[in-house]
Amino acid sequence: MSEMTTNHAIAAQIPGEDVPRGERRSYWANVRERLGHDPVTLFFMGVIGAAVGAALLAPWVAPHDPYATSMLARLRPVGTEGHLLGTDELGRDMLSRLIWGARTSLLMGILPVLVALVIGGFLGVIAGFMGGAVNMVVMRIMDVFYAFPSVLLAVAISGTLGGGMGSGLLALTLVFIPSLCRVAETAASQIRGLDFVDAARASGAPVYSIIVTHVVGNVLPPVLIYASSLISVSILLAAGLSFLGLGVSPPTADWGQMLSSLRQGIYMQPLVCALPGLAILIVSLSFNLVSDGLRQAMDIKS
Amino acid sequence: MTLDTVTGSAPVQATRTDLLDVQNLRVDFTSRAGRTQVVRDVSFTLAPGEVLCILGESGSGKSVTLRALMRLLPQGRSEITGQVSFQGEDVLAMPRRALNGLRGARISMIFQEPMTALDPVFTIGDQIAETVIRHTGVSRDKAMARALELLELVRIPSPERRLRAYPHELSGGLRQRAMIAVSLSCYPQLLLADEPTTALDATVQIQVLILLKQLQQDLGMGTIFVTHDLGVAAQIADKIAVMYAGRIVEYGSAEEVLLNPSHPYARGMLASTVSGQARDRDISAIPGSPPDLRALPPGCAFAPRCAFATDLCRRTEPGLTPRGTFGHVLCHHAQDLASPALVGATVTAT
Amino acid sequence: MMNFFKLQGPAARVAPRPDPRDIGGPRQPMLIARNLRKHFPITGGLLGRAVASVKAVDDVSFTVQKGETLGVVGESGCGKSTLARLLMHLVPPDSGEMIFDGQEVGARYGLRLRDLRRNMQMVFQDSASSLNPRMPIEESVAYGPRVHGMGRAEARAHAISLLEQVGLPARLFAGRYPHELSGGQKQRVNIARALALDPRMLILDEAVSALDKSVEAQVLNLLRRLKSEFNLTYIFISHDLHVVQYISDRVMVMYLGEVVEIGPVERIYANASHPYTQALLASQLHADPRNRVTDPPITGDPPNPVNPPTGCRFHTRCPFAEAMCSSTAPRLHPLAGEEGHIVACHMADPSSGHARAGRAGLDRLGMARPLAAKAASEPPCKEGLRA
Ligand SMILES: Nc1ncnc2c1ncn2[C@@H]1O[C@H](COP(=O)(O)OP(=O)(O)O)[C@@H](O)[C@H]1O
Ligand SMILES: Nc1ncnc2c1ncn2[C@@H]1O[C@H](COP(=O)(O)OP(=O)(O)O)[C@@H](O)[C@H]1O
Ligand code: SF4
Ligand SMILES: [Mg+2]
Ligand SMILES: [Mg+2]
């Protein structure tokens, strides 16, 4: 026992070692705390929050009916009385359309990535952790999808399915699965080779328990960071699909769709016509910056 | 042995014949988080043909010291101050071009992992020849002949064949010999070796150590050899500098430092070597672990782990106490501890 | 072939303490490993077919008595870690069998793998990668017991008490993450985790090799104390002969996947009889500058385990090698007059036909220096040590 008391004394003598750290704090609590100290990320999370909030509350916050046309008030400039952000080529209120458009655009941005995250992440973890033949089969299938440029693939799938919001969502989801799967697979196969996984196996843990407690927790951070950066890509791709007439069909408000239909007015009201593009830019930029912030907050050594 | 306590950093006497004279070398790393002093008040001298071992645990600043001598630290993020004079030239004030002429020619360096220091896409022969051509401007044929000579010098078997081998085709020991050959390509006067044998197996390590010692003596090269292994230091060193938390805590001849250490850390390190320990007794280990350089204790950096520490040690940093003919000890109680009667006493955890 | 048990020499050199978990009785070895073999295929070509194999562990047999420490030494790549992983069944053996306390592992009526792993645990060399970086250390320690059905609160209390036992007061450490610990502290956590299932045997794979000397001494002291507190049996793998001498009761020397010598620690260090063991011992460095090694005990590097030399695998570096050494592989042979000391060298077998047959241990490397004389006349490195 005398040795043990010495050991206590040792620990207390070393500077920085005498800080009590007996309480467990989960990894995610630490991430939250680090995010709390990062004003830039917090600000852009606020921007995204505002966009999502406006989209959810569109019926209440939008000042006008987004579909009400007016032949008399077409392409009014920004700052027009009653139409804060002007009107579009059919005289519809731009602010209201942007708010309603956020619904579809954000949906098209977030949902495909979320679904792809679950499916791709699952496949990637299984492929990476199991290795061997399982890995071979899963990853070769992914490679087939990977071989096409994502825009081309999205256009092809959505075109084959006949356009519309549903097929757009499906197309985008399929486009994101391979890359998310690859990120998860890389992370999982690295972790598989580490000694702590062997230590878990050596303690008699079954495979599912090892995956749930040791692998998922370590694969999630890189996958989440990557997924958050994909959201902006998804918004842009969705906008592209709408622009090509493959996504949401008119008159449904959607930022990409709006950008497409407004292009005729570009010489008369350039600012108004640029607004949907600006909205896309701000939201994608915010997602990218939040993704950067997440990466820093999730780095265990910080 | 006369001992006078000198406060502050007593300059180590340099003589005209010194190859290298380092005075009050200090290295700071700066980052967004702030400044960290990694190496402080490092002073030593090296005569031609002499081997100095820098001995210390990992993180004590050995590699940083070695790299600072060649100004091989990341620019902008590090600040080197003090004096490094090599054959009378001030290395720290030297313009870039002159420095490049020095590196690889009059001063050269070998590392722990030759795989990272050798270029994987060129043959061993090409790499040696390239260095020779860059520094001497001889023809390619001449350079290749020199490369062959060097491989023979470091005793690589069937050198003609190895000249055309890529680094990955060689075993660990041969690769390390090849790197030594590269570093000797221009007959350097000073060889800086950073743990060159740490990654090698025991039977190979001893071969490389003996080779290095012999080459160093034959070529009259001054050598600074960084290691964490007392056995390696004992095998090769003329002088030893023991580093702890970025400072040289004990400096002297190999015999003095290893057989009659004065600094409590040096003594503790010797006492805690496992070799020849009684099997049924605990080893007298130094308690605790080395300090974080970003949060050093106010007094002596070793005080929290030291069995001889007093309030004085915990309050004020010790100055240098000379020992032996040229060495010094960085400890408030160096004088008391130097008494031979105490040599047997060890630092114990209990 | 020689009777295997005759080769294993004396029963327990250390009297085992009575243990309620004991099944086979004090004379039954804790572990018997017989003819373990693992060859890793090297795949090549377009189809990824096996073109060669790394003979990482080749026909290795040994026993570990209850309560003793078996030291395993050898240069890197000689198969020590692979042996440890084979024993833990982290990689499946190609062939061979294991008997743990009288029960055959994996046999139909024998010991199940899950029960083996409860009784035998391992500490890995790399203290950093052997802990989950995103898990507080207390949870890492509690994970094993949780998997074996212990309740959350109980597992936590158990983990805390283990952390205290290895010298990490829970008040200061329990909630920390691995990156908040020094190397020595991480290795203490790894030891606590290995003890969490209350095992009877620990395999320590280079458990102190990556630590600084002063910290290494602390951890060795800890291991000695835990061994008696928990009534443990150790297999202690290391490339450091000083450490092995300090901690082991018996020592097993490996070269290129094979066992070349096993014996009681004093006999190995006093009368090493395999030329490779002699070379290893003669290569040891001592912290005394007056006592320098001036001639390398042997020359060259260990050969590649993909194509190990024929016959005795050491013959390419052995100063005593004769023609027969490169054609016939020596078997483990008991050394005359030394109980429990066995050597795989033709010189140890009086009937082998080697010119020095029966003189193993008498002509010594580093004493007689037959090699040094040879080295003076020949070029110092042998040709063709490595393809
Ligand atoms: N490029 C660098 N930037 C910042 N800190 C560094 C750098 N290189 C080394 N350090 C720090 O300097 C200290 C000493 O490092 P080093 O000299 O490499 O130790 P060693 O004695 O093991 O060779 C360590 O704390 C290390 O973290
Ligand atoms: N999973 C593996 N696949 C292929 N080769 C391996 C594997 N693990 C080890 N080896 C090879 O087996 C040999 C023995 O390795 P190892 O058991 O790690 O040696 P040691 O622990 O003694 O250094 C080495 O040549 C190594 O390259
Ligand atoms: S068998 Fe022959 S080659 Fe092998 S160790 Fe003995 S003498 Fe040397
Ligand atoms: Mg270093
Ligand atoms: Mg190993």
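Every chain is numbered from 1 and lettered A, B, ... according to where its sequence line falls, protein lines coming before strand lines.
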Only distances under 3.5 Å count here; give the side-chain donor-acceptor pairs of residues 204-220 of chain A to other protein atoms, sequence neighbours excluded, each with its distance to 0.1 Å.
residue	atom	partner	partner atom	Å
A:S209	OG	C:Y143	OH	2.6
A:T213	OG1	A:S209	O	2.3
A:T213	OG1	C:Y143	OH	3.3
A:H214	ND1	C:N132	ND2	2.9
A:N218	OD1	C:R134	NH1	3.0
A:N218	ND2	A:H214	O	2.8
A:N218	ND2	C:N132	OD1	2.9

Taking atom types as modelled, is there a side-chain donor on [X] or [Y] under 3.5 Å from an acceptor on the other?
X: C:N221; Y: C:Q218; answer: no
X: C:Q121; Y: C:R193; answer: no
X: A:E185; Y: A:N135; answer: yes
X: A:S229; Y: A:N288; answer: no

Discussion item. With chain A as the partner, which of C:G144, C:A128, C:P133 has the greatest number of non-hydrogen pairs under 4.5 Å?
Written reply: C:P133

Practice prompt. Would you confirm whether C:K186, through its side chain, and C:L131, through its main-chain N or O, come within 3.5 Å as a donor-acceptor pair?
Written response: no

Worksheet entry | Side-chain donor/acceptor of C:S130 to backbone N/O of A:D195, under 3.5 Å | no

Work out which heavy atom in [X] is nearest to a heavy atom in [Y]; give both atom names and the distance.
X: C:G183; Y: C:S127; result: O-OG, 3.8 Å
X: C:Q185; Y: C:L168; result: O-CD1, 3.8 Å
X: A:A187; Y: A:P222; result: CB-CG, 4.1 Å

Worksheet item: Applying a criterion of heavy atom separation less than 4.5 Å, what residues of residues 230-239 of chain C form contacts with chain A?
Response: none

Item to complete: Output all residues satisfying side-chain hydrogen bond (donor to acceptor under 3.5 Å, both in side chains) with A:S234, sequence neighbours left out; order by chain, then residue number.
Response: none

Worksheet entry | Portion of C:M122 that has a non-hydrogen atom of chain A nearer than 4.5 angstrom | neither

Worksheet item: Measuring heavy-atom distances to chain A, does C:R85 have an atom under 4.5 Å in its side chain, in its backbone, in both, or in neither?
Response: side chain

Worksheet entry | For chain C, which residues of residues 110-127 of chain A have heavy atoms nearer than 4.5 angstrom | none

